[in-house]
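The model shown is predicted, which means the values in this text are computed figures rather than measured ones. Whatever order the structure lists ligands and atoms in, that order sets their numbers, starting from 1.
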Amino acid sequence: MKYFKDNREYIAALEAAGDLVRIRQEVDWDMEAGAIVRKVCEEKAPSPLMENIKDYPGHSYFGAPLATYQRLAMVLGLDRDTPVPKIAEEYLRRTSSAPVKPRVIDKSQAPCKENILLGEDVDLFKLPAPMVHDGDGGRYLCTWHFVVSDDPDVGVNWGMYRQMVYDSKTMTGPVFPFSDMGKTLYGKYIPKGLPMPFATVIGPDPLSAIASCAPSPIPETEFAGQLMGEPVELVKCETCDLYVPAHAEIIIEGEVLPDVKLEECPFGEYTGYRTSPRDLRTVYRVKCITYRNNPITTISNMGVPTDEGQLLRSFSLGLELEKLLRSQGIPITGVYMVPESTHHVMVVGVKNAYTGIAQQVASLAFGSKLGPWFHMVVVVDDSVNIYNYAEVLHAVTTRCHPVKGITVYEQGVGTPLYPFLSAEERKWSKGPKVLFDCLFPLDWDSNSETPRLVSFKTVYPREIQEKVLGNWEAYGYKNR
Ligand SMILES: Cc1cc2nc3c(=O)[nH]c(=O)nc-3n(C[C@H](O)[C@H](O)[C@H](O)COP(=O)(O)O)c2cc1C
């Protein structure tokens, strides 16, 4: 199984596919780089590789690394034009295989150890943290990265938790209490007043990045191994017992402080808004920086759809929900989370086999570990193509009874980033949810009461359909 061991191999493949633009003229880290990435996301343009960053000779930026389905298909070893359902099949196939434990390699073999800064030499301003958006509360070094931590009972966690440079040795950022690292930090370190070792990985290879932002049910090191089909190569940190991907571009090691919080934010967020206020957040104290020669810093620019966070979080949340519903024996036909909804709408296809199935789906979805990240579930039957927005919207507007078809769940776990919540509701991560049940009731008479869908495929006998399709070009039509 072919996979890209690092971003350098991946960048070369993107360039060969015509999906990379090398920018050789000077680019300013202060908003210009961010603006380029934003425009690229909004136009679905090729990923930019910025090779000449103002004030930072020898450094480059790699923007929008995985912001399209074509790029996702590529990193899974598929043809770039593979349709989304087929990409989903491949993801499910790989992540349903046996977990693959990581392999530890010697430091001398690990490119991320080519340069090591310790003690007085540690200075985050030596790295080209971009000012991603106008109005951000600071320079965000970590937007497409992950934080490694270790839970004494559960094991290793990789998670993308954004980090802003606070001063030369300090970063700050939000860690939600329902996230895996949040549970370790707030449940096991802070109550004991203990600093928690962390390592931030900037410029991870594409499959490790996907593993880190997926709601993985197993340690992400093994999840990455499943996606790769072989062990991910790790190397030990310089100042703690954590292990990091050996081929990453930059590693920042240190401790999360248990007894102090510092200001972070505002920031342009994945919902497409600047929502969170400047507030006191988690503090990362840096002890060591290691990096490859000529390091390439990855930049994701969150905003209106579609960036890689929205695309990959939608993709993996949908497929992890699919696994969960199948494991419970629910007769589903598929799950798709719409990336343009900034991972807020889960579309679930089912066989309309028994009354209450939509309620069963919604309860499981909202009640699962995935639940805080979305607030709308749309349940449709198997006559609707869940990947086709037009068909889904048609089902919502024609089959969902405005009173009986909509169930509001007033209480739930949400995130503090929902733009539609009041500031007070956000503060407490309140998560009201809603189900749109687009299934015709089973107690209706199927001949006289249930409306019949009127489409080419559903209202003509097979012979007529075949005749029309067979004659399509003869009639004078070119494409069908
Ligand atoms: C670009 C990006 C930035 C994110 N930033 C944060 C963050 O600052 N805080 C947070 O708790 N989750 C954040 N998330 C979501 C977590 O990465 C996500 O929940 C991930 O799966 C970690 O899951 P876990 O905490 O369940 O292991 C972000 C996701 C992406 C894609």
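Annotation: atom 1 (C) of ligand 1 to nearest protein heavy atom, M302 CE, 3.1 Å. The nearest protein atom to atom 26 (O) of ligand 1, hydrogens excluded, is given as K369 NZ, 2.7 Å; this is a heavy-atom distance. Atom 9 (N) of ligand 1 has its closest protein heavy atom at P174 O, 3.0 Å. Counting protein heavy atoms only, atom 8 (O) of ligand 1 is closest to R162 N, 2.9 Å. Ranking protein heavy atoms by distance to atom 5 (N) of ligand 1, first place goes to M160 O, 3.4 Å.
For K287 (side chain) and K169 (main-chain N/O), no donor-acceptor pair under 3.5 Å exists by modelled atom type.
In summary, R93 and E89 do not engage in a salt bridge, as defined by a charged side-chain N under 4.0 Å from a carboxylate O. A salt bridge does not link E424 to K430: none of the charged nitrogens lies less than 4.0 Å from a carboxylate oxygen. Ionic pairing of D180 and K369 is present here: one or more N-O contacts between side-chain nitrogen and carboxylate oxygen are shorter than 4.0 angstrom. At a threshold of 4.0 Å, the pair D28-K54 counts as salt-bridged, since one of the basic side-chain nitrogens sits closer than that to a carboxylate oxygen. In this structure, E90 does not pair ionically with K86, as no charged nitrogen and carboxylate oxygen lie closer than 4.0 Å.
Close approach of ligand 1 to R313 (heavy-atom distance below 4.0 Å) involves ligand atoms 18 (C), 19 (O), 20 (C), 21 (O), 31 (C). Listed by number with element, the atoms of ligand 1 under 4.0 Å from a non-hydrogen atom of N157 are 27 (O). Below 4.0 Å from some heavy atom of S179 lie the following atoms of ligand 1, by number and element: 25 (O). Less than 4.0 angstrom separates some heavy atom of T143 from each of these atoms of ligand 1: 1 (C). Near E220, meaning under 4.0 Å from one of its heavy atoms, ligand 1 places the atoms 27 (O). Below 4.0 Å from some heavy atom of G309 lie the following atoms of ligand 1, by number and element: 31 (C).
Ring orientation note: the planes of Y56 and H59 are nearly perpendicular, at an angle over 60° on the 30°/60° scale. Ring geometry for Y10 versus F4: interplanar angle of 30 to 60°, hence tilted.
In A214, the part holding a heavy atom less than 4.0 Å from any atom of ligand 1 is the backbone. Under 4.0 Å from ligand 1, not a single heavy atom of L312 appears. Under 4.0 Å from ligand 1, the heavy atoms of W373 that appear belong solely to its side chain. Under 4.0 Å from ligand 1, the heavy atoms of S212 that appear belong solely to its backbone. Using a 4.0 Å cut-off between heavy atoms, E308 makes no contact with ligand 1 at all.
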For this session: Step by step, work out the side-chain contact (heavy atoms from CB on, under 4.5 Å) result for E320 and Y91.
Result: CA-CA 10 Å; E320 289 306 322; Y91 179 94; 3.8 Å; yes
Problem set entry | Stepwise side-chain contact (heavy atoms from CB on, under 4.5 Å) check, I252 with L127 | CA-CA 11 Å; I252 300 176; L127 301 174; 4.2 Å; yes
Exercise. For R139 and W29, what are the C-alpha separation, side-chain angles and deciding distance, and is it a side-chain contact (heavy atoms from CB on, under 4.5 Å)?
Worked result: CA-CA 9 Å; R139 296 170 65 179; W29 53 264; 3.3 Å; yes
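Nearest-residue assignment for atom 25 (O) of ligand 1 (options Y161, F178, F176; heavy-atom criterion): Y161.
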